[in-house]
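Numbering starts at 1 and runs along the sequence shown. Here the structure is a predicted model, which means the values were calculated and not measured.
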Amino acid sequence: MSREFRELGAATVHEAISRRGALPSVIKPFGGERKLAAPVFTVSTSPYQNIAIHEALYEAPRGSALIVETGGGHEAGYWGDILNSAAIAAGIAGLIIDGCVRDVDRLASMPLPVFARGVCLRGTGKERLPAHLLGAPIRIGEVLVHSGDWAVCDTDGVVIVPADEVDAALDAGRSREAKESAVLKELAAGRTTLDIYGF
């Protein structure tokens with residue numbers, strides 16, 4: 001399932017689920033691997049604090065990706081090479097964060113997929129505050145995310161597929177991919193997009 005989602009790609013999956021689930025376009029890849037498809041484990045942390053992320057590494061099921069909302073505190077480096085190395089050791093599939101990361105040269109040299117808003121060298125604290133929640137629903141942009149939903153991420157962006165729609169999304173994605181392959185063949189044969197789509 002993970003391999004097939006990666007092959008379909010985020011844009012195709014987004015279209016296949018009726019153009020839903022797209023996270024803000026500012027979230028881009030910074031890790032050495034630039035594709036990710038995995039079930040997610042949700043993390044809510046207070047602005048400029050990252051202890052909840054450390055704890056999530058050891059609460060999340062192996063093979064899942066952490067998806068983190070930062071309470072609007074985007075301008076901090078919540079994740080760097082230490083957490084990246086710890087995540088790899090813990091069997092975490094990747095990171096999606098509505099905030100910034102740092103140590104990006106090191107992140108780019110490591111295999112873990114990392115998707116973030118940007119780069120910020122500002123450090124974070126380690127206070128355990130009431131807003132820290134693991135595994136609870138979170139909202140990133142317009143998308144409500146639950147643990148167990150799937151994230152499909154690549155250089156086009158990040159899309160969230162609800163857990164109960166995964167099989168349908170794969171079927172719809174396969175169908176869309178087949179139609180697009182047929183269109184490409186027609187274009188190569190000399191037809192125009194106007195003719196093919198009846199615009």
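- R62 places a side-chain N or O within 3.5 Å of a backbone atom of A90 that can act as its donor or acceptor partner.
- Contact between A65 and I92 at its shortest, heavy atoms only, is CA-CG2, 4.4 Å.
- Residues I67 and V166 do not share a hydrophobic cluster, clusters being chains of Ile/Leu/Val/Met/Phe/Trp/Tyr side chains in contact below 4.5 Å.
- For I82, the CD1 atom is loosely surrounded, since the number of other residues' heavy atoms within 6.0 Å does not exceed 12.
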N84 and V114: CA distance, side-chain angles, deciding distance, side chain to side chain contact (heavy atoms under 4.5 Å, CB included) verdict: CA-CA 9 Å; N84 217 60; V114 173; 3.3 Å; yes
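- Residues H132 and S46 are in side-chain contact: their nearest non-hydrogen atoms beyond the backbone lie under 4.5 Å apart.
- Taking D195 as the reference, T192 meet the side chain to side chain donor-acceptor pair (under 3.5 Å) condition, with sequence neighbours excluded.
- Following chains of ILVMFWY side-chain contacts shorter than 4.5 Å, one cannot reach M1 starting from I96, and the two form parts of different hydrophobic clusters.
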Residue pair E15, E180: steps toward the side chain to side chain contact (heavy atoms under 4.5 Å, CB included) verdict: CA-CA 12 Å; E15 294 283 354; E180 289 190 351; over 6 Å; no
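- Annotation: I88, atom CD1; neighbour count of heavy atoms from other residues, nucleotides and ligands within 6.0 Å is above 12.
- Between G157 and A10 the shortest heavy-atom distance is O-CB, 3.6 Å.
- By the 30° and 60° cut-offs, the orientation of the rings of Y48 relative to Y78 is parallel.
- With sequence neighbours excluded, the residues forming a salt bridge (charged side-chain N to carboxylate O under 4.0 Å, His left out) with R191 are E186, listed by chain and number.
- Residues L8 and L170 are in side-chain contact: their nearest non-hydrogen atoms beyond the backbone lie under 4.5 Å apart.
- How far CZ of R106 is from OG of S85: 6.0 Å, rounded to the nearest 0.5 Å.
- Taking each heavy atom of E33 and P111 in turn, the nearest pair found is CB-O, 2.9 Å.
- Note: L133 CG to E55 CD = 11.0 Å, rounded to the nearest 0.5 Å.
- N50 and W79 share no side-chain donor-acceptor pair at under 3.5 Å.
- For the pair I140 and I27, the minimum side-chain heavy-atom distance is below 4.5 Å.
- Under a cut-off of 6.0 angstrom, the local environment of NZ in K126 is crowded, with over 12 non-hydrogen atoms contributed by other residues, nucleotides or ligands.
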Side chain to side chain contact (heavy atoms under 4.5 Å, CB included) assessment of I97 paired with R117: CA-CA 7 Å; I97 183 166; R117 272 187 169 260; over 6 Å; no
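- No hydrogens or angles considered: a donor-acceptor pair under 3.5 Å links the side chains of S147 and T42.
- Residue I160 holds its CD1 atom at 12.5 Å from NE2 of H14, rounded to the nearest 0.5 Å.
- C100 contributes atom SG, which lies 5.0 Å from atom CD of E75 (distance to the nearest 0.5 angstrom).
- What you find for A56 and F41 is that their closest heavy atoms are CB-CE2, 4.1 Å.
- Atoms CZ and CD, on R20 and E142 in that order, are 13.0 Å from each other to the nearest 0.5 Å.
- The minimum heavy-atom distance between E177 and T12, with the atom names listed, is OE1-OG1, 3.8 Å.
- How far CZ of R6 is from SG of C153: 11.0 Å, rounded to the nearest 0.5 Å.
- Minimum heavy-atom separation, G80 to D103: CA-OD2, 3.4 Å.
- Side chain of T45 to backbone of T70: no donor-acceptor contact under 3.5 angstrom is found.
- Cluster membership check: V145 does not share its hydrophobic cluster with L95, using side-chain heavy-atom separations under 4.5 Å among Ile, Leu, Val, Met, Phe, Trp and Tyr.
- Y58 and V40 fall into different hydrophobic clusters, where Ile, Leu, Val, Met, Phe, Trp and Tyr residues are linked whenever their side-chain heavy atoms come under 4.5 Å apart, directly or through other members.
- Linking ILVMFWY residues whenever their side-chain heavy atoms come closer than 4.5 Å, directly or via other members, places L66 and L112 in the same cluster.
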Steps toward side chain to side chain contact (heavy atoms under 4.5 Å, CB included) verdict (L144, R139): CA-CA 4 Å; L144 184 65; R139 185 173 294 278; 4.0 Å; yes
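- S44 is linked by a side chain to side chain donor-acceptor pair (under 3.5 Å) to E69, counting only residues two or more places apart in sequence or in another chain.
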